[in-house]
Amino acid sequence: MHGGGGGRWGGSVVGAPQRDRASFQHLGHLKRLMPYVRRYAVVLAWGVVGLLIARLALYLIPWAQKLAIESLEDPVAEPYLVIPAILILGVVASQFAIYIPARRALRRISIAAAYDLRKRFFNLVQYQGPNFFNRFGTGDLMSRAVNDISMVRMVVSFGAVNIVMFVFSLAAALGFMLAMSPALTAWVVAPLPFVAAIGFMMARGMFPFFRERQEALATLTAFTQENLNGIRTIQAMAQEEQEIERFRKASTRYAQKFYRAERYQVIVNVAMTLLTMISPVVILLYGGLLVLDGSMSIGAFTAFFGYLVLITAQVYSIGFSLSMFTSAAAATQRIFEILDYPREVVDVAEVELSGEIKGRLEFRNFSYRHPGAARPTIDGINLRVDAGETVAMLGRIGSGKSTILKAAVRLIDTPRGSVFLDGKDVCQVPIRRLREAVTMVPQDPFLFSAALKENLTYDQPDRGDDEILEAVHAAGLSETVERLVDGLDTVVGERGTTLSGGEKQRSTLARGLIRRADVLLLDDCFSSVDTETEELILGGLQRMRAGKTTLLISHRVSTARHANRIYVIDNGRVLESGTHEELLAQGGYYADLEAVQSSQDRDRARRGQLLRQLDGARAETMPLAATGSDD
């Protein structure tokens, strides 16, 4: 049942997703796992052969019991007990000598296959673009990488093995049983095809249940991950009870899906168990008659029960195997939804950036439309940043400024023939080489749960302290480092939770500055700093970026005015361009923005001056108050 009570177990809901029809076609997803099995074919073959030998040895035990019991039936013959006892002890010893190493080898195959799958999964996710992450949330990806691959792990090694073991065990047991009594064997075997048919028919319905269970688990994992990431916001808004209730609903839905899948599996197992009880009844009735009329010995009758127990155990395992195959098929389908997802940005290495990079960045009639968007985000922009220049972009939120920066480093699928670095189309430059030459500092600051120093030197951990401190000073982060208990070695917590928004933003700026890239792209990295700190940072930028190309986004005229050239972006187009003075002379959007922000800056300066005067007055009156209290 999907959300809203639709599906097999509730009333139908208009527009609700429908459960997949039960079919063995779903098991075809398991074929995708064959490459991960073939690479361990030799070890797998050795493990299967070992298990078959151990199983064959196990089938000698009822035969040994038969010989011993038959020797006791004849009052004249010498009891034949020693050799059967030695044979049984030998079989037990072989289980340790062969079975355990074989099972260990198969488990190692399953672990290795899961390891290979997870590596491929993680590697592919690393190179995906924004549309991919809009479709698949972090929690969903975590569920697929952990839970689904864990389900696949066992079927890679034990799935096919269980089938082989079932066929071999059935054939071996029937061979021993036919040697003792063909007539009784025929009666015992007669119900088995019916049992198998019922089992397979019931197994067809498993796939939808397991698929829905795993999707519900993915939803629960995604909710939990998002909730923990936003725990400070939840607490600040006093929404703990609401989130607990949402978790209860998501958890209840998963519990319902899990219960239904398990209930169906139990029904299959119980049905298989009840159906296999036909054979013991046949042996007891018909076999007993054969013993009474002398057609079968008591030893053979006992051995028949022993072989039936071994066969029944294999039939019982069929229910488990079918559920394992079905859950693994559902998991495989979900895993390969990720592995088959095409890369949004294809790395085609056609041109190398050789020699000295000047850093000239050009956008020629650049247009871009995000998938599903009603209109283009960028519409025919022409923008130039000469080597060594600092160029600023201003504009309303959503005007397309960040898209321009992302296109320069191909974080989106940049159209060919639209963005050029030193005259070379960035789409023809290897992505790794492009991003080494062009560094982008995103608007949303992200820090790893590690020491601040490790975050700043993320791309090259062996940098010296002098180099680090220079970037720290240029980013206006020196006071923060001095305040931290362990300085640069202070662990900043998950996503930099121990730092303020402005400190995290300046930390990511320092991480970008320390690379000394030929081109530096700054996506509104001054939004969380005050004007005084902003001036300090701009001075650091001029020192560290002298002679290098810098393209920055800002909403402040106080930042943009230091640039060699300014572009005003609006609705994906260049509205105005020129120097600070030229744009003021035009009297357009930029001039209006400068007038508004200048007034705000003057108001802030006046307010700051008044606060300082008030603090000074308080400091002067405090000693007087203290003296009065002494009197």
Side-chain angles (χ1 to χ4, degrees), residues 1-20 121 125 128 130-151 205-267 323 326-327 330-331 333-335 337-338 372 397-398 443-449 492-501 504 528:
M1 180 184 68
H2 291 275
R8 182 181 301 177
W9 299 95
S12 61
V13 177
V14 176
Q18 299 298 315
R19 171 180 287 124
D20 295 328
F121 187 98
V125 168
Q128 293 295 355
N131 296 327
F132 172 85
F133 291 104
N134 285 338
R135 178 176 175 182
F136 302 103
T138 303
D140 182 26
L141 292 174
M142 290 173 60
S143 178
R144 295 174 195 249
V146 178
N147 302 317
D148 290 338
I149 291 180
S150 295
M151 288 187 175
M206 285 186 179
F207 182 89
F209 290 97
F210 285 103
R211 170 81 188 193
E212 291 174 3
R213 183 188 70 182
Q214 286 156 235
E215 288 176 347
L217 178 59
T219 301
L220 179 62
T221 304
F223 172 81
T224 306
Q225 184 267 340
E226 182 180 29
N227 186 277
L228 295 178
N229 281 340
I231 189 64
R232 295 295 177 234
T233 301
I234 294 168
Q235 293 174 342
M237 302 293 290
Q239 295 300 301
E240 295 92 342
E241 293 298 328
Q242 176 181 317
E243 293 303 311
I244 291 172
E245 177 61 20
R246 289 179 62 200
F247 178 81
R248 185 194 66 79
K249 291 179 179 178
S251 184
T252 300
R253 182 175 183 274
Y254 169 66
Q256 291 173 342
K257 301 296 183 183
F258 188 91
Y259 170 73
R260 286 167 181 166
E262 291 298 307
R263 181 173 64 180
Y264 193 86
Q265 181 178 340
V266 169
I267 291 173
S323 65
T326 307
S327 61
Q333 183 187 40
R334 284 170 44 81
I335 292 168
E337 281 180 357
I338 305 300
I397 294 174
Q443 181 180 12
D444 181 24
F446 177 86
L447 296 176
F448 297 96
S449 181
V492 297
E494 186 178 11
R495 301 180 67 91
T497 185
T498 59
L499 302 179
S500 68
K504 286 190 286 186
S528 298

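Basis for what follows: all heavy atoms, side chains included, without hydrogens, waters or symmetry-related copies.
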Spacing of Thr219 atom OG1 and Glu212 atom CD [to the nearest 0.5 Å]: 11.5 Å
Nearest non-hydrogen partners of Met151 and Ala331, listed with the distance: CB-CB, 4.0 Å
Inter-residue atom distance Glu245.CD - Gln239.CD, 0.5 Å rounding: 12.5 Å
Partners meeting side-chain contact (heavy atoms from CB on, under 4.5 Å) with Ser251 (sequence neighbours left out): Leu220, Phe247
Parallel, tilted or perpendicular: ring planes of Phe448 versus Phe446, cut at 30 and 60 degrees: perpendicular
CZ (Phe133) with more than 12 external heavy atoms under 6.0 Å: yes
Shortest non-hydrogen contact between Ser143 and Ala218, atoms and distance: OG-CA, 3.4 Å
Contact summary for Ser150 and Val146, nearest pair of heavy atoms: OG-O, 2.7 Å
Inter-residue atom distance Phe121.CZ - Ile149.CD1, 0.5 Å rounding: 6.0 Å
Pair Arg144-Glu337, salt bridge (Lys or Arg N to Asp or Glu O under 4.0 Å): steps then yes or no: CA-CA 10 Å; Arg144 295 174 195 249; Glu337 281 180 357; 2.8 Å; yes
Contact check, side chains of Thr221 and Asn147, non-hydrogen atoms, under 4.5 Å: yes
Arg213: salt bridge (charged side-chain N to carboxylate O under 4.0 Å, His left out) partners, not counting sequence neighbours: Glu262
Shortest non-hydrogen contact between Tyr254 and Ala216, atoms and distance: CA-CB, 3.8 Å
Partners passing salt bridge (charged side-chain N to carboxylate O under 4.0 Å, His left out) against Arg246 (at least two apart in sequence or in another chain): Glu243
